Trainee: 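If you scroll down you'll find the structure; I have some questions about it.
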Amino acid sequence: MKKKEINMASCNRAQVISLYRMLVKESKKFSSYNYRTYALRRVKDGFRENLHVDNPKTLDTLINQARENLAIIKRQASYASFVSYSSFRWPSLFCSKDSC
């Protein structure tokens, strides 16, 4: 029984390390310094915060959340490569005629 638990733990450990590396790699693709540093900080803080999680159900939930976040970062980073931040205009709902 212990052998199975160790095997499952190492499998989850490998998944977590792989997800971490993919999240960091994708976060580095943001062209904007602010978005890039924010994403990297969030990834690192999130993994540090959950470093000592041992419950398998909680671990599976966190892995699924990390996968969803990876998909979001991939989408946002690819979208950000098409958008020029210097030509971006806020919608008129958020600013007056004088401030935009």
Side-chain angles (χ1 to χ4, degrees):
M1 194 153 212
K2 283 187 177 185
K3 203 173 211 181
K4 187 175 183 181
E5 289 175 6
I6 291 170
N7 191 17
M8 186 187 304
S10 65
C11 179
N12 282 337
R13 180 177 168 81
Q15 284 180 343
V16 169
I17 291 170
S18 175
L19 272 170
Y20 178 78
R21 287 180 179 162
M22 286 189 285
L23 282 161
V24 168
K25 182 179 178 181
E26 290 299 319
S27 295
K28 288 181 179 180
K29 291 183 180 179
F30 281 108
S31 58
S32 170
Y33 172 80
N34 291 334
Y35 289 126
R36 187 173 52 248
T37 55
Y38 175 75
L40 286 169
R41 187 176 66 243
R42 291 285 302 201
V43 168
K44 290 176 182 179
D45 289 348
F47 276 81
R48 273 190 210 117
E49 185 178 302
N50 297 305
L51 182 64
H52 300 291
V53 172
D54 291 333
N55 186 352
K57 289 182 182 181
T58 305
L59 190 59
D60 285 339
T61 302
L62 291 170
I63 288 172
N64 288 334
Q65 286 177 350
R67 286 184 182 137
E68 290 172 8
N69 289 337
L70 178 61
I72 291 169
I73 289 173
K74 282 182 177 181
R75 262 194 324 269
Q76 290 299 100
S78 67
Y79 174 74
S81 67
F82 296 117
V83 176
S84 171
Y85 293 105
S86 61
S87 65
F88 182 74
R89 303 257 316 160
W90 287 102
S92 59
L93 177 66
F94 295 114
C95 56
S96 66
K97 290 180 184 178
D98 297 332
S99 65
C100 287

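Quick caveat, the model's predicted, so the values are computed rather than measured.
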Trainee: Taking the side chain from Arg36 and the backbone from Phe30, do they hold a donor-acceptor pair closer than 3.5 Å?
Mentor: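 A pair under 3.5 Å: yes.
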
Trainee: Mind jotting down which residue pairs meet the side chain to side chain donor-acceptor pair (under 3.5 Å) criterion with at least one end in residues 46-55? Sequence neighbours excluded, please.
Mentor: Asp45-Arg48, Asn55-Thr58

Trainee: Please report the interatomic distance CD(Gln15) to CG(Leu59), rounded to the nearest 0.5 Å.
Mentor: 8.0 Å

Trainee: Can you tell me how far the OG atom of Ser78 sits from the CD atom of Gln76, to the nearest 0.5 Å?
Mentor: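 So the OG of Ser78 and the CD of Gln76 are separated by 8.0 Å.
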
Trainee: Restricting to side chain to side chain contact (heavy atoms under 4.5 Å, CB included), what partner residues turn up for Tyr20, sequence neighbours left out?
Mentor: Val24, Val43, Lys44, Phe47

Trainee: Taking Leu70 as the starting point, is it possible to reach Ile63 by hopping between hydrophobic residues whose side chains are less than 4.5 Å apart?
Mentor: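 Yes; tracing contacts between hydrophobic side chains, which count when under 4.5 Å, links both residues.
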
Trainee: State, with a plain yes or no, whether a side-chain heavy atom of Leu40 is found less than 4.5 Å away from one of Thr37.
Mentor: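 With C-beta onward as the side chain, the pair stays apart.
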
Trainee: Is the number of heavy atoms from other residues, nucleotides or ligands within 6.0 Å of CZ (Arg67) greater than 12?
Mentor: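 Counting neighbours around CZ of Arg67, more than 12 heavy atoms of other residues, nucleotides or ligands fall under 6.0 Å, so yes.
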
Trainee: Provide the closest heavy-atom pair for Ala66 versus Leu23 in the form atom of the first, atom of the second, distance.
Mentor: O-CD2, 4.0 Å

Trainee: Starting at CD1 of Ile73, measure out to CZ of Arg42 and round the result to the nearest 0.5 Å.
Mentor: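 Atom-to-atom, Ile73:CD1 and Arg42:CZ are 9.5 Å apart.
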
Trainee: Sub-3.5 Å donor-acceptor pair from the side chain of Ser18 to the main-chain atoms of Ala14, do we have one?
Mentor: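 Answer holds: no.
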
